[in-house]
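Each remark here refers to the structure printed beneath this line.
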Amino acid sequence: MKEHLYRWRNKQLREHTAVIDGEIAPTMVLKNATYLNVYLKKWLTGHIWIYDDRIVYVGDLLPKKTKRTEIVDCTNQYLVPGYIEAHAHPFQLYNPHSLAEYASKTGTTTLVNDNLMLLLLLRKKKAFSLLDDMQSLPVSMFWWARFDSQSALRDEEEFLNDEDVLDWLEHEAVIQGGELTNWPEILHEDDRGLYWMQETKRMRKVVEGHFPGASEKTLTKMKLLGTDGDHESINAEEVYNRVKLGYYAGLRYSSIRPDLPALLEGLKEYDGSFFDYLFYTTDGSTPSFHEQGVIDCCIDIAIKAGVPIEDAYSMATINPAQYFSLGNRLGSIAPGRVAHINFLEAKDKPTPTAVLAKGEWINFDGYAFQNRTPNIQWKKYGLGKMKIDWSFRSDDLFISSPLGMDMVNDVIMKPYPVKSESQTKQLPTDHDIAYVMLVDREGNWRISSFLKGFTTEIGGLVSSYSNTGDIILIGKNKDDMHKAFERMKELGGAIVVVQDGEIIYELPLPLQGVMTDLSMDELMEKEKELKELLINNGYQFNDPIYTLLFLSSTHLPYIRITPKGLMDVKKKEILFPSVMR
């Protein structure tokens, strides 16, 4: 019988020890295995016994009973523990299931996931039901408990209050508090956030920071308040300083911040044994970035950068497991651990030729996933199509903000004064200024402005995918924007692009307007199509999906369009309020 939710029952534990005594046959034996022992940092040889989803023995002996045991000769292969993605955002158009299925094919068999979209989109009971049911997947799925929404919501107290946050923290699938994108408030006056941090520590769970560019003084104070790790180092010095102060440091290789090669190169300048406190993350990369893999590609980068092979694998396995206090269950090939094992053709080739996840073979066509969960019934959890029962009025596209947003890069915006208001249906195509609007998905409020740097040509783009779950409209032509909205509404959530009255692109997002139900392979092609379309029409940067996601995110400078209005992020001031419809 497979693992039941979050621990093995007494009956199962007795069966595991009975396998050692020769009373029960193991379900699988990996003979003649050369495997990485992450504790000794050495490659050893032996036989690995597995019973259902657990490794029960590693050593020189073979079992006495082998009836119905699958025996695999591992000669000329190298075995390493399944990889851990320690900081996943599983809602970047893909969904938690499709990301986990795809990641498992390249050896990432554990994901620690952001819960923000579950907070925004689901009732707590439904969300917890989803967390529990996902334990049936061959991949191990764990979660965070957010302390802030990363935006300025009108109703944040509805889902970020003491009762709900503490309920999330107490859930057995939740192993982390944070990430602390609201750390400036916690550092100075947010006693509620500080209380949640202390409750996280009381439950013996970790607190994950979000401290890009933070000084040693700030890092020290946040350590005193209870932070355990941080994945926001932007150079090697910041990595070193975090480890020096007792932090675990996540090294990021993401679509928006592919820092890993530079971080590893810079770390060569520092003496000390710090690899045991480092782990990798792809930090919510957009779909097509994952064509090169997930955590396996990070290991490959590390090996090519000269990191000792044993350390390169430890950073993907035992290090994050120890960080989350899961070393007794994950991150190694040793008795008592979940049977997540990757099979390699060479020590320096981390992309596996075969994968075991919870003792099941992950076929590269996703067999284990199809076998365990033929179809996830998303509607069971309240994740169906958006139901929009309102339409735009004639005055809704009236845009009169005295401030616009000028894109510095994909995600950072600075304010600029609007020289002249334009209420024409069509903005000129000889410049890169477009209309932009954020509208409540329930149709209760709207806030509009101008966006510089996104497009010179696109008539209308509408996206139900956003950081707050609200609706974004961008474009040069108000009629095209309106038509794109109506098509998005018809689809029940989508990204839609309209040019000269014609729909030229659409990506349906039937899971509450935020996630697709496509496979990762299909989604990658659709995302690349959108990216090429936007770049050909004046998008000046590299990652338009992150632009849409972070338009309303208040953890980034300098100005944001939020449900409360245009906000000066540093001062936390509303410069131009949203209006009720």
For [X] and [Y], does a side-chain donor sit closer than 3.5 Å to a side-chain acceptor?
| X | Y | value |
| --- | --- | --- |
| Asp543 | Ser255 | yes |
| Asp521 | Ser519 | no |
| Thr455 | Asn537 | no |
| Gln176 | His87 | no |
| Thr429 | Glu457 | no |
| Lys489 | Ser391 | yes |
| Thr547 | Tyr539 | yes |

Run the salt-bridge test on [X] and [Y] with the 4.0 Å N-O cut-off and return the result as yes or no.
| X | Y | result |
| --- | --- | --- |
| Arg257 | Asp283 | no |
| Asp300 | Lys304 | yes |
| Lys380 | Asp133 | yes |
| Asp440 | Arg446 | no |
| Lys528 | Glu291 | yes |
| Glu157 | Arg192 | yes |
| Glu490 | Arg487 | yes |
| Asp432 | Lys452 | yes |
| Arg252 | Glu232 | yes |

Would the number of heavy atoms belonging to other residues, nucleotides or ligands and lying under 6.0 Å from [atom1] of [X] be above 12?
| X | atom1 | value |
| --- | --- | --- |
| Glu532 | CD | no |
| Phe541 | CZ | yes |
| Lys414 | NZ | no |
| Lys124 | NZ | yes |
| Arg154 | CZ | yes |

Rounded to the nearest 0.5 Å, what's the gap from [atom1] on [X] to [atom2] on [Y]? Could you check?
| X | Y | atom1 | atom2 | result |
| --- | --- | --- | --- | --- |
| Phe392 | His482 | CZ | NE2 | 7.0 Å |
| Leu383 | Met117 | CG | CE | 11.5 Å |
| Tyr416 | Leu403 | OH | CG | 9.5 Å |
| Leu548 | Ser466 | CG | OG | 9.0 Å |
| Leu530 | Leu461 | CG | CG | 6.5 Å |
| Ile175 | Phe142 | CD1 | CZ | 5.5 Å |

Would you say [X] and [Y] make side-chain contact, with heavy atoms under 4.5 Å?
| X | Y | value |
| --- | --- | --- |
| Tyr94 | Met515 | no |
| Leu118 | Trp168 | yes |
| Leu491 | Met386 | no |
| Glu527 | Thr286 | yes |
| Phe211 | Thr227 | yes |
| Ile256 | Val411 | yes |
| Arg560 | Leu551 | no |
| Leu451 | Ile474 | yes |

Parallel, tilted or perpendicular: which one describes the rings of [X] and [Y], with boundaries at 30° and 60°?
| X | Y | answer |
| --- | --- | --- |
| Phe91 | Trp143 | tilted |
| His231 | His210 | perpendicular |
| Trp378 | His97 | perpendicular |
| Tyr253 | Phe289 | tilted |
| Tyr435 | Phe450 | tilted |

Test side chain to side chain contact (heavy atoms under 4.5 Å, CB included) on Met407 and Ile412 and set out the steps.
-> CA-CA 6 Å; Met407 297 178 65; Ile412 293 177; over 6 Å; no

Quick one: which of Thr282, Asn113, Thr108 gives a side-chain hydrogen bond (donor to acceptor under 3.5 Å, both in side chains) with Glu85?
-> Thr282

Could you walk me through whether Trp144 and Val174 pass side chain to side chain contact (heavy atoms under 4.5 Å, CB included), step by step?
-> CA-CA 5 Å; Trp144 324 343; Val174 174; 5.7 Å; no

With Glu189, which residues qualify under side-chain contact (heavy atoms from CB on, under 4.5 Å), at least two apart?
->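 With sequence neighbours excluded, Glu189 shows a side-chain contact (heavy atoms from CB on, under 4.5 Å) to Glu185, given in chain and number order.
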
Stacked cation flag Lys526 on Tyr505, 6.0 angstrom / 45 deg |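 Yes, Lys526 lies over the aromatic ring of Tyr505.
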
Any donor and acceptor pair, going by atom type alone, linking the side chain of [X] with main-chain N or O of [Y] inside 3.5 Å?
| X | Y | result |
| --- | --- | --- |
| Tyr102 | His290 | yes |
| Lys476 | Pro428 | yes |
| Asp480 | Gly501 | yes |
| Lys478 | Leu397 | yes |

Evaluate side chain to side chain contact (heavy atoms under 4.5 Å, CB included) for Leu119 paired with Arg146, printing each intermediate quantity in order.
-> CA-CA 8 Å; Leu119 286 175; Arg146 281 269 189 175; 3.7 Å; yes

Member of Ile503, Asn477, Ile504 meeting the side-chain contact (heavy atoms from CB on, under 4.5 Å) criterion with Val498 |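 When side-chain contact (heavy atoms from CB on, under 4.5 Å) is applied between Val498 and each of Ile503, Asn477, Ile504, only Ile503 qualifies.
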
Among Leu518, Leu507, Val514, Leu99, side-chain contact (heavy atoms from CB on, under 4.5 Å) partner for Leu93 = Leu507

Passes ring-ring contact (aromatic ring centres under 6.0 Å, His included), Trp183 versus His188? Steps please.
-> CA-CA 9 Å; Trp183 65 268; His188 294 107; 7.9 Å; no

Verdict with supporting geometry, Thr554 and Lys572, side chain to side chain contact (heavy atoms under 4.5 Å, CB included) = CA-CA 9 Å; Thr554 55; Lys572 298 296 181 185; 4.0 Å; yes

Please report the C-alpha distance between Asp296 and Thr351 in whole Å, then the side-chain angles of each, then the deciding distance to 0.1 Å, and finally whether the side-chain hydrogen bond (donor to acceptor under 3.5 Å, both in side chains) criterion is met.
-> CA-CA 5 Å; Asp296 59 311; Thr351 301; 2.7 Å; yes

